[in-house]
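We number each residue from 1, following the sequence as shown. Values reported hereafter were calculated over all heavy atoms of this structure, with side chains retained and with hydrogens, waters and symmetry mates removed.
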Amino acid sequence: VRGPQSLPGADLQMQQGMVMRKVKSRSWKKQRYFMLQDDCMTIWYKSRKTGNAKSACECHLPKADKNRDGRMNFKEVQHLLKMMNVDMDEHHAFRLFQMADKSESGTLEGEEFVLFYKALTQRDEVLSVFQEFSEDGKKLTLLEFVDFLQQEQMEGEGVEELAMELIAKYEPSETAKARHVLSIDGFLAYLCSPDGCIFNPTHKTLFQDMSQPLCHYFISSSHNTYLIEDQLRGQSSIEGYIRALKRGCRCLEVDCWDGPNGEPIVYHGHTFTSKIPFREVISTLEKYAFQASEYPVVLSLENHCSMEQQDVMAQQLKGILGEQLLTTTIDGRVPARMPSPEELKGKILLKGKRLGSLEDALISAPLPCGLQRLIPPGTLQKSKPSLSKELSDCIVYCKSVSFHSFQHSQSHYRLYEMSSFAEAKARKLIREAGNEFVRHNAWQLTRIYPSGMRTDSSNYNPQEMWNVGCQMVALNFQTAGAEMDLYDGLFNQNGSCGYVLKPGFLRDVETPFSPESLPQSNPLYLAIQVISGQQLPKVVNSKEGSIVDPLVRVEIHGVPADTSKQETKYIDNNGFNPQWGETLRFRVQVPELALLRFKVEDYDKTSRNDFVGQFTLPLSSVKRGYRHIHLLSKDGTAIPPASLFVHVQITELSESD
């Protein structure tokens with residue numbers, strides 16, 4: 001069971017009860033009846049064979065039940081609490097224990113333990129919000145729930161219909177549902193659901209205009225995609241391509257070298273990294289390119305092959321990819337603008353060097369019946385054949401050219417040509433000519449890649465490159481960390497399709513914008529009340545019996561004027577239900593470029609704090625009001641039911657504020 005981030009409707013099915021099959025092997029398969037309890041965390045299951053019901057919270061019992069008698073005395077309960085990352089006051093724990101011990105036997109068993117667990121997990125802070133809007137403190141009427149959605153959640157038009165929809169979706173009681181009222185259990189279920197998440201659920205789907213030129217989008221891009229470890233001795237594997245494509249990556253890199261038996265190979269040249277056949281990479285691309293996104297994939301070729309093996313590369317590309325490979329302009333004409341992601345759906349584009357210009361190729365190629373060719377005067381050029389013509393002809397909209405200056409590019413290059421920059425060169429251009437860089441990226445594609453000194457496959461900060469509109473900001477996807485958190489945070493919007501539309505001021509070739517000179521737009525005031533945390537995981541490889549001392553750091557990543565961070569105090573020995581109740585305040589000058597990152601750490605006064613969990617999203621995708629933040633691990637995977645409960649206030653400021 002996936003918890004708060006499960007598929008829509010799954011939680012409701014679990015609340016009503018459903019049959020699932022437990023599989024240990026081909027021969028061992030048993031059916032279980034599961035039901036999610038009102039707290040949205042406890043799961044009851046019943047064996048079809050024995051008819052005995054148990055709670056999934058009893059999964060801790062075998063380890064904590066020292067004498068294996070199926071009962072738990074208070075000492076065993078205390079041990080269980082430590083296993084669950086809870087260091088509770090002994091007197092309070094004993095009061096809960098006595099309350100649950102209905103049989104007065106001095107032990108807990110069966111339903112008594114479930115009662116204890118429910119008391120332990122009671123969300124007083126949620127109950128307080130519920131009672132603030134409930135006249136009788138027991139239910140929210142339809143009108144009361146509408147008031148909550150309008151006043152706190154800042155929901156707009158159609159709020160009454162939304163309220164009825166949410167009640168029908170999350171209220172577990174059929175009686176309450178029929179009366180259009182919401183119980184505390186239904187209210188909690190809503191707040192823990194995707195509808196109560198901080199990430200705007202409409203932004204999880206494709207919601208942006210996909211008909212603009214390619215250069216108007218940030219494009220999810222990977223560096224040395226074939227590597228799954230370091231840059232010197234790491235393993236090369238098609239798994240790197242599979243992982244990147246499944247994450248929605250739309251620009252992949254392949255380093256091609258001459259291989260044995262006339263077959264090109266892929267590896268990081270002049271290193272000890274392992275080698276894989278070029279043919280396998282292309283076959284993998286054909287299979288996985290459009291599973292996560294239907295929008296175009298750019299394959300960046302680092303071509304070190306002989307003429308003969310370049311011909312083999314071209315033949316394999318055409319033979320394996322077939323119609324997926326784009327080998328001419330979409331209409332057979334010289335492009336007056338770059339095509340859009342929408343126009344290039346299902347197509348694979350090659351990025352690399354090409355012989356001559358695209359105009360030369362279009363003059364020599366026959367046109368489909370009825371189309372006229374428009375060739376600007378003076379465009380024909382003579383080129384020395386330094387590449388395989390067959391491979392060169394496959395390069396259409398992403399011809400690689402050397403960069404000299406922005407003025408040189410403007411006067412000598414065409415919109416289908418593009419340059420690549422190492423991170424240090426890009427930073428230098430940002431410092432010295434930030435506005436020119438922004439204008440350049442409004443009409444031509446740019447790719448940024450990590451420094452060659454990053455042999456450990458570490459990453460640079462992608463935000464500073466996005467701030468000037470660079471589209472293909474390539475990172476080492478195999479290396480988890482804050483940089484990939486930002487990457488996932490940006491590209492998790494718009495249906496995770498790998499394309500995010502740049503703000504308007506980064507799409508205008510006449511824009512006055514640079515990261516240091518801010519656009520004429522009103523800033524935002526952001527206030528985040530960090531209320532509580534729920535079931536935070538223990539730190540990996542921590543000592544047995546250790547319990548986290550969690551703090552929450554909230555970070556703004558954007559233009560230099562906006563980049564800042566604040567943190568709460570730490571809570572001693574409570575990873576189960578820490579309560580902060582602190583408000584952190586920020587002023588954001590360019591919200592269109594800002595990313596918001598929540599990071600939970602285990603405080604340590606003698607050494608560096610340990611990572612517990614994080615969640616990153618665009619500020620433009622933040623939902624206001626009372627929201628849950630479902631935390632992710634260091635590698636970006638979900639760690640349910642770990643979450644934060646916050647209240648978000650966003651206010652537009654006037655120029656005088």
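Side-chain atoms of Ser643 never come within 3.5 Å of backbone atoms of Ile629 as a donor-acceptor pair (strictly under, hydrogens ignored). Between the Asp485 side chain and the Thr616 main chain, no donor and acceptor come within less than 3.5 Å of each other. Here the side chain of Asn224 pairs no donor or acceptor atom with the backbone of Leu227 at under 3.5 angstrom. Without hydrogens or angle criteria, Arg624 side chain to Gln649 main chain gives no donor-acceptor distance under 3.5 Å. Asn441 places a side-chain N or O within 3.5 Å of a backbone atom of Val468 that can act as its donor or acceptor partner. Formation of a donor-acceptor pair under 3.5 Å by the Asn609 side chain with backbone atoms of Asp604 is found in this model.
Between Phe513 and Phe437, a ring centre-to-centre spacing not shorter than 6.0 Å is recorded. If you look at Tyr487 and Trp466, their ring centroids are closer than 6.0 Å. For Phe199 and His203, the ring centers sit 6.0 Å or farther from each other. In this structure, Tyr217 has its ring center no closer than 6.0 Å to that of Tyr295. Aromatic rings of Tyr413 and His408 (six-membered ring for Trp) have centroids within the 6.0 Å cut-off, being under it. For an aromatic pair to be called close, the ring centres must be under 6.0 Å apart, and Phe187 with Phe130 satisfies this. Two rings, from Phe421 and Phe403, have their centers less than 6.0 Å apart.
Closest of all the heavy-atom pairs between Arg447 and Ala474 is NH2-CB, 3.9 Å. Shortest non-hydrogen contact noted between Asn494 and Met210 is ND2-SD, 3.6 Å. A pairwise comparison of heavy atoms in Thr225 and Ala244 identifies CG2-CB, 3.9 Å as the closest pair. The nearest pair of heavy atoms linking Asp195 to Pro201 is OD1-CG, 4.4 Å. Of all heavy-atom pairs spanning Ala594 and Ile556, the tightest one is CB-CG2, 4.3 Å. Here the shortest heavy-atom pairing between Gly613 and Leu631 reads C-CD2, 4.3 Å.
Contact check on Glu601 versus Lys599 returns a salt bridge, with a Lys/Arg side-chain nitrogen under 4.0 Å from an Asp/Glu carboxylate oxygen. Checked for salt-bridge contact, Arg627 and Glu152 miss the test: no charged N lies under 4.0 Å from a carboxylate O. No salt bridge links Lys565 with Glu555; every basic N to acidic carboxylate O contact stays at or beyond 4.0 Å.
Heavy-atom neighbours of Lys634 NZ from other residues, nucleotides or ligands within 6.0 Å: at or below the threshold of 12.
Phe598 has its side chain within reach of Ile198: a pair of non-hydrogen atoms, C-beta onward, lies under 4.5 Å apart. Side chains of Leu619 and Leu595 form no contact here, defined as non-hydrogen atoms less than 4.5 Å apart. Proximity of His628 to Val646: side-chain heavy atoms (C-beta onward) are nowhere separated by under 4.5 Å. Side-chain atoms of Arg597 and His557, non-hydrogen and from C-beta on, do get closer than 4.5 Å to each other. Under the 4.5 Å side-chain criterion, counting only non-hydrogen atoms from C-beta, Lys351 is in contact with Met418. Residues Phe290 and Val297 have side chains in contact (heavy-atom distance under 4.5 Å, counting atoms from C-beta outward). Residues Pro450 and Glu423 have side chains in contact (heavy-atom distance under 4.5 Å, counting atoms from C-beta outward). Put simply, the side chain of Tyr170 does not reach to within 4.5 Å of the side chain of Cys192, judged on heavy atoms.
Between Gln212 and Ser340, the side chains place no donor N or O within less than 3.5 Å of an acceptor N or O (distance only, hydrogens not considered). Using modelled atom types, one finds no donor on one side chain facing an acceptor on the other under 3.5 Å when comparing Thr479 with Asn459. Between the side chains of Gln407 and Ser409, no donor-acceptor pair of N or O atoms lies under 3.5 Å. Side-chain contact check for Gln444 and Thr446: no donor-acceptor pair (N or O, by modelled atom type) lies under 3.5 Å. No side-chain N or O of Tyr525 forms a donor-acceptor pair with one of Glu652 less than 3.5 Å apart. A donor atom on one side chain and an acceptor atom on the other are found under 3.5 Å apart for Ser457 and Gln231. Side chains of Glu253 and Ser300: no donor on one and acceptor on the other come within 3.5 Å.
Separating the SG atom in Cys497 from the CG atom in Asn492 is a distance of 11.5 Å, to the nearest 0.5 Å. Between the CZ atom of Arg427 and the OH atom of Tyr460 there is a distance of 8.5 Å, given to the nearest 0.5 Å. Taking CE from Met484 and CZ from Phe491, the interatomic distance works out to 9.5 Å, rounded to the nearest 0.5 Å. Atoms CD1 and CG, on Ile167 and Leu182 in that order, are 5.5 Å from each other to the nearest 0.5 Å. For the atom pair NZ (Lys399) and CG (Leu415), the distance works out to 12.5 Å, reported to the nearest 0.5 Å.
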Q) Between Lys623 and Glu155, is a salt bridge (charged side-chain N to carboxylate O under 4.0 Å, His left out) present by the stated rule, with each step listed? A) CA-CA 9 Å; Lys623 290 284 283 183; Glu155 300 290 356; 3.2 Å; yes
**Q.** Pair Arg587-Asp562, salt bridge (charged side-chain N to carboxylate O under 4.0 Å, His left out): steps then yes or no
**A.** CA-CA 7 Å; Arg587 182 187 176 97; Asp562 289 340; over 6 Å; no
Q. Given Phe145 and Tyr190, is the ring pair (Phe, Tyr, Trp, His ring centres under 6.0 Å) satisfied, shown in steps?
A. CA-CA 11 Å; Phe145 190 36; Tyr190 152 66; 5.8 Å; yes
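Annotation: cation-pi pair Arg439/Phe406 absent, no NZ/CZ under 6.0 Å from the ring centroid and within 45° of its normal.
Scored by the ring pair (Phe, Tyr, Trp, His ring centres under 6.0 Å) test, Phe611 finds no partners at all (sequence neighbours excluded). Residues satisfying the side-chain hydrogen bond (donor to acceptor under 3.5 Å, both in side chains) test with Glu582, not counting sequence neighbours, are Lys569.
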